[in-house]
Amino acid sequence: MSDQPTQYRFSFGPWNIHEGADPFGPPVRDSFTFDEKVKVYRELGFVGIQFHDDDIVPDINDKTHAQLMQRTREVKQLIGDHGLTPEIVAPRLWEDPRTIDGAYTSNNSSEREYAIERSKRCIDVANEIGCRNIVLWLAREGTYLREAKDSAAAVGQMSDAINIMLDYHPDIRILIEPKPNEPMDQAYIPTIGHALGLAYASKEPDRVGGLIESAHAILAGLDPSDEMGYALYHKKLWSVHLNDQNGLKFDEDKAFGSVDLRRAFNQVRVLEENGYGRNGEFVGLDVKVMRTQPREISTKHLLNSRKMFLRLLEKVRTLHREIERQFIDARDYEGLDFYILEHLMGQ
Ligand code: XLS
Ligand code: MG
């Protein structure tokens with residue numbers, strides 16, 4: 001296993017340190033400022049930072065281009081001073097009044113135009129901060145009510161938007177992050193297969209790939225490691241958002257491995273065995289701390305998720321391949337099952 005990377009690089013986004021508000025109640029912790037958050041990355045063992053465009057430039061819609069660039073340069077300097085690399089920038093296309101009914105797939109043409117303009121701003125910011133990965137979490141591209149939109153036309157609208165972005169800047173890559181629901185009842189791009197369909201339909205398939213979030217795959221009723229394997233085969237797994245999810249409910253973003261250790265093990269296994277990270281991909285976490293956690297210890301979920309990845313990596317690397325092969329050859333999957341369980345339990 002000597003040709004495999006011993007060191008993975010980890011990232012998270014500023015929204016992963018948060019105040020604990022949920023749809024039923026207000027914040028329960030005081031905020032950390034952006035500058036305070038940036039300081040804790042290295043302490044927690046993270047070197048990559050994931051961004052939404054307005055994490056970098058708050059109130060982005062109200063800024064002139066010059067202000068946009070100025071603020072971006074300040075953030076670039078700040079994160080650089082802390083030794084952090086910007087991994088991704090994602091346009092936040094779901095909070096503006098103009099994206100109530102979708103962004104690229106809104107039924108209103110001026111709202112669709114806003115979504116394109118906002119995406120271009122996001123690309124300007126990404127370019128200035130030195131990041132070529134644009135993540136599209138297509139939050140509101142879907143419906144509450146099937147009859148409200150034309151699902152075939154919607155695919156064309158998303159495809160057109162992707163092509164416009166590719167044309168807008170020759171260096172960027174687009175990473176589509178699928179999710180089957182929430183905030184929408186049904187999203188148009190629920191799985192990585194759908195995402196990669198859009199990638200191949202684009203004018204430059206080499207510049208469009210995917211980002212898989214564990215919880216999103218689970219919400220789609222799928223196994224995240226198989227979703228990852230699918231994208232890895234296509235050489236289109238350009239980032240991951242590891243986390244965990246307790247069944248089919250709201251997107252919980254629980255600490256990685258906290259619900260299903262074996263499911264987490266298999267995600268680490270598929271990444272490790274297929275050379276994930278060798279082309280500079282980060283291991284991203286998209287995790288939320290529990291609402292009950294006091295402010296001063298509200299970053300433990302990040303620390304623990306990273307630790308869990310590394311502990312499971314050890315488990316992947318110390319699996320006896322010969323024993324595994326013998327079980328597989330004998331088609332003794334009961335034996336293999338118990339071997340894996342014992343290995344995970346430390347025996
Ligand atoms: C939400 C998504 C979001 C993206 C970035 O469910 O996970 O946080 O990762 O826009
Ligand atoms: Mg995510």
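Sequential numbering from 1 along the given sequence is applied to the chain's residues. Counting convention: from 1, in listed order, for ligands and their atoms alike.
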Can [X] and [Y] be counted as an ion pair, charged N to O under 4.0 angstrom?
X: D53; Y: R121; value: no
X: E273; Y: R321; value: yes
X: R325; Y: E322; value: yes
X: D54; Y: R118; value: yes

Practice prompt. Return the protein residues near ligand 1 (heavy atom under 4.0 Å from any of its atoms), ordered by chain and residue number.
Written response: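 The 4.0 Å shell around ligand 1 contains W15, H52, W94, W137, E177, K179, E213, H216, H241, D251, D286.
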
Worksheet entry | Between CG on residue D253 and OG on residue S214, distance to nearest 0.5 Å | 9.5 Å

Discussion item. How long is the straight-line distance from CE of M184 back to CG of L145, given to the nearest 0.5 Å?
Written reply: 10.0 Å

Worksheet entry | Parallel, tilted or perpendicular: rings of H320 and Y339 (30°, 60°) |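 The rings of Y339 and H320 sit tilted, inter-plane angle from 30° to 60°.
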
Worksheet item: After noting the C-alpha distance and the side-chain angles of E128 and K76, does the key distance pass the salt bridge (charged side-chain N to carboxylate O under 4.0 Å, His left out) rule?
Response: CA-CA 8 Å; E128 190 66 23; K76 184 177 186 178; over 6 Å; no

Discussion item. For the Mg ion (ligand 2), which protein N/O/S atoms fall under 2.8 Å? Skip waters.
Written reply: E177 OE2, E213 OE1, H241 ND1, D286 OD2

Practice prompt. Assert yes or no for the condition that the ring centre distance of W137 to H52 is strictly below 6.0 Å.
Written response: no

